[in-house]
Every structure is written in structure tokens, then in C-alpha cells.
Amino acid sequence: MSVLAAQFKMETTAGESFLAYCLDLAHHIADGVAYKVTTLADGWFSDTAVKDIDRLFTSHYASLGSDNTRNAGFQLALWEIVEESSGNSYDLSSGAFSVTSRAAAQGQSFLDNLGSATGGYKLTFLDSDTNQSLVSADFSTNVAPVPVPAGLPLLLTGLGGIALIRRKRSKA
């Protein structure tokens, strides 16, 4: 079977653009499809697969840019996570899903370096019974807050004191 692998530029009914990747090899993509949108995979995949999709996006999505080979490799890595049996190691050259292409080495590199971090992106799953199901990612707003440097409150207190002294002198 021959397929094209990369990201799709999609558009909401409100005209907003977003990028998505295919999760479903059994269907084609088409215009005008109404998708069920959810932030959970709703039982499509194992918990391990959902976590590994999250790890893949968190570890590698920001580095994709417009490089076709990297985007195709990312797509292949997604398909490997989705199609491989839970508990098996990810290997694009064998198993339930295997592939040979220029992008396969890039996809295998992504899989070999998943990292342990999750939650870097808010994943949105788009489900269709008749067309390709997709996943999209937005940068997560659930990032831990950055602590204020210890000197900042001291600086603000000092500036407030100076302003108070200047105010008292101008009244005198």
C-alpha cells in the first residue's frame, strides 16, 4: 500500500486554520466532514498509546517546522504508536505497522527519543466514522507558573518608598 504522510492544514467552520495529523489508515480524508471533537481519545487507543502520543508531541512537535521529511517522520511515528500492539517496542521496520521510506529513519528517531515529559500540548482528537480520524495540538496553557525572582518584590518596595518620599517632599 502506498500512502502520503505529513500534516494536513484544516479549517474550522468559523474559518480558523489549524494543523492536524492522521490517526486512521483505514479511511481517506475529505472536505466538509463533520468531526466529533474531544480532548480525550475516547477509547480509540490504549492508555499507553495516548500517553505516547502526548510524549511524541511534547518531545518533538515544536521542532518540526516546514521540513517535509520531519513532518512525514512524525506522521509515521504517530501511526506506529497507534497501530502497534500495546507493550511492544516501537520499530518502524517490523511489527503490526512497518514502513520503508526516507522519512522512516526520522520517524524511528522520534520514537527512540520520546522522552518522559507529557502535557506540553493540548491534544484535540477529531473522530469520524467515515473519514480519517485526526489529532491536532495547541501549546498547553497548563504550564507551571514561573516564580517571581526574589529581588523583584524588594525592588518594587524600594520604588514605592522613593515615590512616597517624593510625594511628601512635594507637599512641603
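Quantities reported herein were computed from a predicted structural model and do not represent experimental measurements.
Put simply, the side chain of Ser128 never gets that close to the backbone of Tyr35: no donor and acceptor are under 3.5 Å apart. Proximity of a side-chain donor or acceptor of Ser136 to a complementary backbone N or O of Ala20 within less than 3.5 Å is not detected. The backbone N or O of Cys22 sits less than 3.5 Å from a side-chain atom of Gln75, completing a donor-acceptor pair. No donor-acceptor pair under 3.5 Å is formed between the side chain of Arg70 and the backbone N or O of Gly65.
A 4.5 Å side-chain heavy-atom check between Tyr121 and Ile53 finds every atom pair outside the cut-off. Contact annotation: the side chain of Phe18 never approaches that of Leu134 to less than 4.5 Å [non-hydrogen atoms, C-beta and beyond]. Residues Leu76 and Phe97 meet the side-chain proximity criterion, which asks for heavy atoms closer than 4.5 Å. Contact of the Leu111 side chain with the Ile81 side chain is registered, since non-hydrogen atoms from C-beta on lie closer than 4.5 Å.
Listed by chain and number, the residues in a side chain to side chain donor-acceptor pair (under 3.5 Å) with Asp91 are Ser93, Ser94 (sequence neighbours excluded). Applying the side chain to side chain donor-acceptor pair (under 3.5 Å) test to Thr130 and every residue at least two apart in sequence or in another chain returns nothing. Qualifying side-chain contact (heavy atoms from CB on, under 4.5 Å) partners for Ser98, counting only residues two or more places apart in sequence or in other chains: none. Take Ala34 and apply the side-chain contact (heavy atoms from CB on, under 4.5 Å) test, not counting sequence neighbours, and it matches no residue. Under the side chain to side chain donor-acceptor pair (under 3.5 Å) criterion, Gln132 pairs with no residue, sequence neighbours left out. Among residues two or more places apart in sequence or in another chain, the side chain to side chain donor-acceptor pair (under 3.5 Å) test is passed with Ser133 by Asp127. The side-chain contact (heavy atoms from CB on, under 4.5 Å) test applied to Asn113 returns His60, Ser109, not counting sequence neighbours. Every residue meeting the ring pair (Phe, Tyr, Trp, His ring centres under 6.0 Å) condition with Tyr21, not counting sequence neighbours, appears here in chain and number order: Phe74.
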Show me, pair by pair, the donor-acceptor contacts under 3.5 angstrom made by side chains of residues 23-30, not counting sequence neighbours?
{"from": "Asp24", "atom 1": "OD1", "to": "Ala26", "atom 2": "N", "distance (Å)": "3.0"}
{"from": "Asp24", "atom 1": "OD2", "to": "His27", "atom 2": "ND1", "distance (Å)": "2.6"}
{"from": "His27", "atom 1": "NE2", "to": "Asp129", "atom 2": "O", "distance (Å)": "3.4"}

Solution key, residues 8-17 side-chain donor-acceptor pairs under 3.5 Å, sequence neighbours excluded:
{"from": "Thr12", "atom 1": "OG1", "to": "Ala14", "atom 2": "N", "distance (Å)": "3.3"}
{"from": "Thr12", "atom 1": "OG1", "to": "Gly15", "atom 2": "N", "distance (Å)": "3.4"}
{"from": "Thr12", "atom 1": "OG1", "to": "Glu16", "atom 2": "N", "distance (Å)": "3.0"}

Decide side chain to side chain contact (heavy atoms under 4.5 Å, CB included) for Leu64 and Phe110; before the verdict, give the C-alpha distance in whole Å, the side-chain angles of both, and the deciding distance to 0.1 Å.
CA-CA 11 Å; Leu64 295 179; Phe110 288 148; 3.7 Å; yes

Given side chain to side chain contact (heavy atoms under 4.5 Å, CB included), test Phe57 with Val135 step by step and report yes or no.
CA-CA 10 Å; Phe57 271 92; Val135 63; 4.0 Å; yes

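Across all their heavy atoms, Gln106 and Thr69 have their closest contact at CG-O, 4.0 Å. Residues Leu123 and Ala137 approach most closely at CD2-CB, 3.9 Å, considering heavy atoms.
For residues 49-67, the salt bridge (charged side-chain N to carboxylate O under 4.0 Å, His left out) pairs, not counting sequence neighbours, are Asp52-Arg55.
With values rounded to the nearest 0.5 angstrom, Asn131 atom CG is found 12.0 Å from Leu126 atom CG.
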